[in-house]
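Right, one structure below, let's go through it.
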Amino acid sequence: MWRLLALLVFAAARTSAAAESHWCYEIQAEAPNQLCLGPSNWTGSCQKNRQSPIDIVTSKAKEDQTLGHFIFSGYDKKEKRNVSNNGHSVEVTLKNDNIEISGGGLPTGYQATQLHLHWSSEMNAGSEHSIDGKRFAMEMHIVHNKKVTGTSKSAKEAQNTGDDIAVLAFLVKEGPKENEGFWPLVEALAHIPKPGMDTEMREFSLWDMLPKEEKLRHYFRYQGSLTTPNCDETVVWTVFQESIELRRDQILVFSQKLWYDAEQRVNMTDNVRPVQRLGDRTVFKSQAPGQLLPLPLPTLLVPTLTYLAAGFLR
Ligand SMILES: *[C@@H]1O[C@H](CO)[C@@H](O)[C@H](O)[C@H]1NC(C)=O
Ligand SMILES: *[C@@H]1O[C@H](CO)[C@@H](O)[C@H](O)[C@H]1NC(C)=O
Ligand SMILES: *[C@@H]1O[C@H](CO)[C@@H](O)[C@H](O)[C@H]1NC(C)=O
Ligand SMILES: [Zn+2]
């Protein structure tokens, strides 16, 4: 009898230890009978001081002329891709697609491996980054975590510089029109309600889901971390100023069709890490938003020449 009891106690202790050591979002930690670790108890590098996300204070962002435009490759490729419920988000696999970025002030090219999102059912609570204290409905992260080799940097220099991973962050807000480009993902959600499930999406390209390329010249840049454990401080963040717009119902589908747990007790929503202290870091910006560009020479020259020519011919 005592042995059985001891065994039971031991088993119970083991289960709860295992559950407690698993990380989760605040909304899960607050749910009844949950023993997971919420954001304030995340381990690994999560309690260090170069963490993400952050609030971006636009008036303090420092203009950096080296933050030029990005070169996107493979973003136009239309493919069927798999999407899974990984228990924390929905993740679209991009590994085998040769999708790459370079430029944008990055030290090298990077290859994309996956994209995923963060969201809420509240239109002002689903983004991880905030801009001047304002949060958005969702945030999409395109994770490029393979450096494209063949740069001039020596292997040693390329190590431990905190730029192993380049994440492009797109803020999503509610708009009046349906976003056609998001349907392949939104439709797939009903097929992956529980963690561990995956499904094939119908054909789409990354550009289908993103703002127009010419609108991606304005962005913020800082050094930070992954926003999930172990919160490695190895991320070069790019947060674009131009946001994606989805219709309200398209945003709400995420909170309605997805669950954190196999028992479908807690809707997958508010999968958002709270903002972290900026500390001694600087946020850079590509260019002052709305700043007047110097007029290109031909726009001045052509009228002048026309005027002169007209005068000469007269
Ligand atoms: C997590 O941290 C909070 C303090 O932020 C503490 O009150 C709570 O007991 C901790 N929970 C666990 C499971 O360790
Ligand atoms: C999706 O996953 C299935 C099995 O999990 C695999 O057979 C298939 O090739 C994958 N499709 C793509 C486009 O990666
Ligand atoms: C949770 O899911 C149910 C079932 O889809 C839905 O009715 C409810 O609105 C969801 N809750 C939130 C906060 O979206
Ligand atoms: Zn993310």
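For ligands, and for the atoms within them, numbers begin at 1 and follow the listed sequence.
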Q.
Is there a path of hydrophobic side-chain contacts, each under 4.5 Å between heavy atoms, that joins Tyr110 and Met140?
A. yes
Q. Polar-atom distance check: Gln256 versus ligand 3, any N or O pair below 3.5 Å?
A. yes
Q) Which residue and non-hydrogen atom of the protein lie closest to atom 14 (O) of ligand 3, and at what distance in Å? A) Ser255 CB, 3.4 Å
Where ligand 3 meets [X] - atom numbers and elements under 4.0 angstrom, heavy-atom basis:
X: Ser121; value: 13 (C)
X: Trp259; value: 2 (O)
X: Asn267; value: 1 (C), 2 (O), 3 (C), 8 (C), 10 (C), 11 (N), 12 (C), 14 (O)

**Q.** Name of the His116 atom (N/O/S only) found closest to the Zn ion (ligand 4)
**A.** NE2
Q. Thinking salt bridges, do Glu128 and Arg273 make one under a 4.0 Å N-O criterion?
A. no
Q: Compute the angle centred on the Zn ion (ligand 4) spanning NE2 of His118 and ND1 of His141, and express it rounded to 10 degrees.
A: 100°
Q: Specify whether Trp23 and His88 have parallel, tilted or perpendicular ring planes, treating 30° as the upper limit for parallel and 60° as the lower limit for perpendicular.
A: parallel
(Q) What verdict does the side-chain contact (heavy atoms from CB on, under 4.5 Å) test give for Ile165 and Val143, after you've listed the backbone C-alpha separation in whole Å, the side-chain angles of each residue and the deciding distance to 0.1 Å? (A) CA-CA 7 Å; Ile165 304 176; Val143 180; 3.9 Å; yes
Q) For Trp42, does its backbone N or O pair with a side-chain atom of Gln47 as donor and acceptor, under 3.5 Å? A) yes
Q. Does atom 5 (O) of ligand 3 have any protein heavy atom closer than 4.0 Å?
A. yes
Q. Looking at the rings of Phe70 and Tyr75, which for Trp means the six-membered one, are their centres under 6.0 Å apart?
A. no
